[in-house]
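First the proteins, then the strands, lettered A, B, ... as listed; each starts at 1. Only heavy atoms go into these numbers, but all of them, side chains included; no hydrogens, no water, no symmetry mates.
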Amino acid sequence: MADYNPQEIEAKWQKRWAEARVFESEADPSKPKYYVLEMLPYPSGTMHMGHMRNYTIGDVVARVKRMRGFNVLHPMGWDAFGLPAENAAIKNNTHPRTWTNNNIAEFQRVLRRFGFSFDWRREISTCEPEYYRWNQWFFLRMLERGLAYRKKSRVNWCPKCCTVLANEQVVNGGYCWRHEDTLVESREIEQWFLKTTAYAERLLDDLNQLEGGWPERVILMQRNWIGRSQGAKVKFEVADVAGVEAIEVFTTRIDTIYGATAVILAPSHPFVSKLLEGSPLRAAAEPKLAKMRQSSVKTEDLATMEKEGFFTGRHAVNPFSGEKIPIWVGNFVLMEYGTGAIMAVPAHDERDLEFCRKYGLPIRVVIQPLEGELLVAEKMTAAFDAHEKGKLVNSGPFNGLSPAEAIAKMAAFAEQKGFGRAETIFRLKDWGISRQRYWGTPIPVVYCPNDGMVPVPDKDLPVLLPPNPNLTGMGDSPLATTPEFVNTTCPKCGGPARRETDTMDTFVDSSWYFYRYTDPHNDKAPFDSAKAAYWFPIDQYIGGITHAILHLLYSRFWCKVMRDMGLISHSEPAARLFTQGMVQKGGVAMSKSRGNVVGAEDMAQKYGADTGRLYTLFAAPPEKDLEWSEESIEGSWRFLNRVYRLLDRHAAALRGVNCGRIDAAATTAKEKTLLRKVHQTLRRVTQDFETRWHFNSAIALIMELTNEIYAHEPLDEGVRPEIRKELLELLTLMLAPMTPHLAEELWEMLGHSDGQWIVPWPSFDAELAREDEVEVPVQVNGRLRGKVKVAAGTAEEVVVKLAQADSAIAHHLNGKRIVKRIFVPDKLLNLVVA
RNA sequence: GCCCGGGUGGCGGAAUGGCAGACGCUGAGGACUUAAAAUCCUCCGGGGAUUUUUCCUCAUGUGGGUUCGACUCCCACCCCGGGCACCA
């Protein structure tokens with residue numbers, strides 16, 4: 001008689017698994033594969049149960065699939081570059097690498113302590129040159145394909161730090177995180193971009209392939225983010241200034257162009273100052289313009305901001321009607337979207353209506369509804385923007401057309417006349433990857449006075465980070481102030497040159513890391529295409545909803561570029577995505593800063609990893625948030641103790657027993673009850689694991705089974721050894737994916753000298769699971785009035801007779817006439833009486 | 001404002017058209033014990049009738065609807081959480 005000692009058991013089996021290398025797998029086209037992956041962690045702070053939940057879910061899936069005979073790839077690595085390492089290094093006067101590697105060691109120890117079935121040989125760390133050289137290699141390939149380019153772009157700049165701030169370093173709606181009294185400025189500097197927009201169409205269209213495999217809301221968020229908009233660009237000539245280019249507007253409703261009563265430019269539109277030059281209204285306009293340009297920094301209250309604008313004193317010519325309309329500047333027009341200029345059609349656009357009413361601009365109806373009262377401009381309370389159910393009026397030769405017809409015809413007309421064309425635009429922007437930071441992948445180009453920008457040749461990769469950077473958090477980027485890094489020679493002419501000092505966004509690292517897992521030590525290529533072809537696509541990707549847009553979008557982009565490069569032949573990296581809920585305490589997500597973390601290691605020490613794993617699976621379904629409760633976890637601990645005691649009591653006597661096939665007919669009532677329960681449980685648990693991922697209800701079922709076995713103690717009286725063994729073995733195997741250490745121990749106690757890892761998932765016996773007696777609920781007029789006990793499969797007539805004979809039920813029938821009967825065999829009888 | 005997700009006992013949750021509250025936590029009572037821990041057993045949504053056994057009734061955010069039957073499907077509304085947000 002021994003107590004359940006998780007510390008001892010868990011250490012023992014972790015050692016055995018490592019020795020037997022049971023979680024190591026190799027590409028083998030003769031076997032069916034399964035690639036299950038949890039998003040790689042950023043190693044910072046301490047690992048808490050929020051982290052563990054994610055890996056536990058993945059580990060259950062990995063272990064179930066192994067038991068199902070799949071060749072499973074389940075790797076782990078570290079998203080090791082990033083700003084926090086640099087900040088911590090400055091604060092503690094250490095090196096980012098030291099800080100990062102200490103954290104990695106810590107994280108790794110905790111993950112091992114939880115017994116996750118990772119193939120640790122495939123571990124990667126993105127801050128190692130062996131990894132980031134391939135970021136550089138990919139960058140060069142993108143440069144060759146015209147997918148990487150430089151342009152001026154805005155950054156957040158703190159005038160006190162004299163440095164660039166990341167978005168998350170801008171706090172309280174526009175202040176520096178270090179100098180909370182200092183407003184962050186917006187500065188333009190040259191930065192590197194990747195042309196994600198070149199793939200906008202495919203990124204959008206291929207979302208269709210993910211339907212059913214990815215959560216609907218993630219697909220939707222990506223669709224909105226990419227934001228395809230079909231419309232037309234139209235040029236409006238400027239009437240009263242010579243030598244100014246035509247203003248191009250974007251509209252989705254070219255059919256309403258005869259109703260345009262103004263052209264409105266974004267405050268930062270490049271034409272604004274040219275238009276104001278010499279304008280009689282210039283003096284009045286400039287202070288307004290300055291105010292608008294300044295306030296455009298704060299994006300938060302943009303939506304609620306009142307529409308403001310001013311007239312430039314200039315006019316544009318409507319290319320369709322020849323009409324002269326005023327050119328305004330409006331704060332609600334965004335330079336970043338479309339062309340930064342719109343035509344205002346107040347009768348048919350809500351925003352335009354609001355603006356034009358405010359400033360007394362005319363309103364002209366050009367679409368009349370097919371039904372109901374005709375619109376009168378002065379009386380309109382809302383813009384009429386229905387696409388259908390209307391026809392064009394006041395639109396010259398296009399009168400009478402439906403908006404859909406007009407959109408096609410008018411775009412074609414504009415193209416023919418050379419002042420416009422149909423065009424699709426996207427909200428998605430190119431991916432700015434430049435960071436003026438140290439702890440990231442150096443961008444592999446040099447600047448030569450003779451040859452200009454020159455890519456670093458492949459043979460010179462990796463461009464290594466200098467070991468002793470000048471880290472202050474102030475002034476120029478750290479690489480720029482490290483002369484031994486900056487000063488180099490031009491690969492083309494051999495003369496002196498300067499290195500690019502920007503490093504890459506860490507989203508680059510995480511955009512393709514899962515390919516590297518398939519071939520982590522390759523020093524000739526990022527990975528071997530044949531290996532990737534075997535393992536990809538990822539069968540199940542698991543992570544937080546927080547990555548629904550950026551990480552997953554960039555990964556999808558990378559995948560498509562790699563496909564175009566011929567490295568892979570699939571177009572989406574992950575067939576299925578699961579977004580698990582957060583672990584909360586006190587109603588908020590666990591985080592170090594909130595001080596509400598439940599440390600994973602503390603948990604393992606107090607209850608053992610298996611209890612921690614079981615509880616995170618039991619407390620809530622995996623997709624929902626989980627509120628951590630110190631009291632509830634006791635229940636999981638008690639349950640595992642209960643199971644252990646049960647096996648401790650019976651296993652020794654069963655060590656030498658062979659199960660064999662059980663003949664359902666030759667069993668006693670007690671045996672039959674227990675066998676039925678265990679096979680029913682197995683049937684439902686199998687479903688919960690395979691199709692529904694309802695781990696919480698699977699555990700509830702296993703608890704019920706355990707209760708049932710306890711209720712039949714003493715088990716060794718009236719239950720034959722082979723049946724006892726079958727019961728306890730199935731119980732053990734059902735627990736194996738969730739509490740693997742305990743399950744291995746119990747398996748060994750039952751007399752198995754081979755580890756459980758060679759055992760396939762058991763299949764349930766339908767014959768043994770079958771109920772032979774059922775209680776059929778009987779309703780009268782849809783209300784439950786009684787139950788009748790009958791043999792399974794009893795016919796309707798018999799059940800009705802029994803129901804009528806039941807006094808409680810008969811009372812409700814009370815001589816009334818039965819007008820209808822609904823009978824679901826073994827499930828329900830409903831008698832409808834009049 | 002628009003788009004998702006959710007609302008079930010004291011708590012976490014179960015049931016996806018067929019016995020609402022499985023399983024667990026908490027709480028109450030009991031057994032064992034010199035005692036405690038551990039363990040085991042019983043009870044635990046509200047109201048009412050009956051009194052020792054059961055029965056009735058209300059109840060899954062609110063109000064309607066569909067159905068023999070609705071936590072589950074449909075419509076409207078309220079509340080909570082999340083995402084997007086002047087996207088032309």
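Of the listed nucleotides (B:rG18, B:rA88, B:rU16), B:rA88 has the atom at the smallest distance from the side chain of A:V333. Set against B:rC25, B:rG83, B:rG18, the side chain of A:Q779 has B:rG18 as its closest nucleotide. For A:L220, counting side-chain heavy atoms from C-beta on, the closest listed nucleotide (B:rA85, B:rC3, B:rC23) is B:rC3. With B:rG13, B:rC86, B:rC56 as the choices, the nucleotide that has an atom nearest any side-chain atom of A:R785 turns out to be B:rC56. With distances taken from any side-chain atom of A:F250 to the nucleotides B:rA88, B:rG12, B:rC40, the minimum falls on B:rA88. Taking only side-chain atoms of A:V824, from C-beta outward, the nucleotide of B:rG18, B:rU39, B:rC56 with the closest atom is B:rG18. Side-chain atoms of A:S229 lie closest to B:rA88 of the nucleotides B:rC23, B:rA88, B:rU16. Relative to the side chain of A:R783, the nucleotides B:rC19, B:rC23, B:rU57 differ in distance, and B:rU57 lies closest. Closest to the side chain of A:N830, from the set B:rC3, B:rG18, B:rU16, is B:rG18. Of the listed nucleotides (B:rA22, B:rU57, B:rG13), B:rA22 has the atom at the smallest distance from the side chain of A:A700.
Salt bridge present: A:E771 and A:R676 bring a charged side-chain N and a carboxylate O closer than 4.0 Å.
Taking atom C1' on both nucleotides, B:rU66 is separated from B:rC74 by 7 Å, rounded to a whole Å. Nucleotides B:rC78 and B:rC71, compared at atom P, are 23 Å apart to the nearest Å. Straight-line distance between the P atoms of B:rG61 and B:rG13: roughly 15 Å, to the nearest whole Å. For the P atoms, the distance from B:rG6 to B:rG10 is 23 Å, rounded to whole Å. Between B:rU72 and B:rA88, the distance separating the two C1' atoms is 42 Å to the nearest Å. Distance noted for atom P between B:rG21 and B:rC43: 14 Å (whole Å). Nucleotides B:rU33 and B:rA37 have their C1' atoms positioned 10 Å apart, rounded to a whole Å. Comparing B:rA59 with B:rU50, their C1' atoms are spaced 22 Å from each other, to the whole Å.
Annotation: A:F419 is in aromatic contact with A:F320 [ring centroid separation under 6.0 Å]. For A:Y4 and A:W637, the distance between ring centers is under 6.0 angstrom. A ring-centre distance under 6.0 Å is found for A:W628 and A:Y615.
Against the 90° criterion about 0, the sugar-base torsion of B:rG9 places it in the syn range.
For B:rC2, the paired base is B:rG83 (Watson-Crick or G-U wobble, both distances below 3.5 Å). With both pairing distances under 3.5 Å, B:rA28 is matched to B:rU42 as a Watson-Crick or G-U wobble pair. Summarising the base pairing, B:rA59 is matched to no nucleotide, lacking a Watson-Crick or G-U wobble pair whose two defining distances lie under 3.5 Å. B:rC23 and B:rG12 make up a base pair, with Watson-Crick or G-U wobble contacts both under 3.5 Å. Summarising the base pairing, B:rC68 is matched to B:rG18 through a Watson-Crick or G-U wobble pair whose two defining distances lie under 3.5 Å. Pairing partner, B:rA35: none, since no Watson-Crick or wobble contact has both distances short of 3.5 Å.
Within the 4.0 angstrom heavy-atom criterion, only backbone atoms of the sugar-phosphate kind lie near A:R692; the bases stay farther away. Across all strands shown, A:T251 has heavy atoms under 4.0 Å from sugar-phosphate atoms exclusively, and none from any base. When heavy atoms are screened at a 4.0 angstrom cut-off, A:N707 is found touching the sugar-phosphate backbone but no base atom. Across all strands, A:R427 comes closer than 4.0 Å to base atoms (heavy-atom distances).
Atom P of nucleotide B:rA14 and atom CD1 of A:I702 are separated by 16 Å, given to the nearest angstrom. Put simply, CE on A:M738 is 14 Å from C1' on B:rG24, counting in whole angstrom units. Between the P atom of B:rC23 and the OH atom of A:Y615 lies a distance of 18 Å, rounded to the nearest Å. A:R223 has its CZ atom 20 Å from the P atom of B:rG83, to the nearest Å. If you take CD1 of A:I809 and P of B:rC56, they are 11 Å apart, rounded to a whole angstrom. Rounded to a whole Å, the CZ atom of A:F823 is 15 Å from the C1' atom of B:rC19. The distance between atom CH2 of A:W628 and atom P of B:rG24, rounded to the nearest whole Å, is 19 Å. Between the NZ atom of A:K827 and the C1' atom of B:rC19 there is a distance of 12 Å, given to the nearest Å.
Relative to the six-membered ring of A:W214, A:R576 misses at least one condition, a distance below 6.0 Å or an angle of at most 45° to the axis.
In terms of position along RNA chain B, the nucleotide closest to A:K624 lies nearer the 5' end than the nucleotide closest to the other residue of the pair A:K624 and A:S636. Residues A:S697 and A:I549 each lie close to RNA chain B; by heavy-atom proximity, the contact nearer the 5' end of the strand is made by A:S697.
Checking side-chain atoms of A:N696 against main-chain N and O of A:A620 turns up no donor-acceptor pair under 3.5 Å. Between the side chain of A:E308 and the backbone N or O of A:N331 there is no donor-acceptor pair closer than 3.5 Å.
Residues A:G543 and A:M39 share a closest heavy-atom pair of CA-SD, 3.6 Å. Between A:L701 and A:T681, the shortest heavy-atom contact is O-CG2, 3.7 Å.
Look at A:N696 and you'll find a side-chain N or O under 4.0 angstrom from OP1 or OP2 of B:rA14. Under 4.0 angstrom from either OP1 or OP2 of B:rC2 there lies no side-chain N or O belonging to A:N224. The side chain of A:H694 contributes an N or O atom lying less than 4.0 Å from OP1 or OP2 of B:rA15. Distances shown here put every side-chain N or O of A:H812 at or beyond 4.0 Å from the OP1 or OP2 atom of B:rC55.
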Practice task
Just do the side chain to side chain donor-acceptor pair (under 3.5 Å) check on A:Y607 and A:E634 with the steps written out, would you?
Solution key: CA-CA 9 Å; A:Y607 295 104; A:E634 291 279 348; 2.9 Å; yes
Problem - Base-contact (B) and sugar-phosphate-only (S) positions in nucleotides 26-33 of chain B, heavy-atom cut-off under 4.0 Å, - elsewhere - result: S-------
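Side-chain N/O atoms of A:K820 and base N/O atoms of B:rC68 include no donor-acceptor pair closer than 3.5 Å.
Ring orientation note: the planes of A:H348 and A:F384 are nearly perpendicular, at an angle over 60° on the 30°/60° scale. Ring geometry for A:W328 versus A:F355: interplanar angle over 60°, hence perpendicular rather than tilted (30 to 60°).
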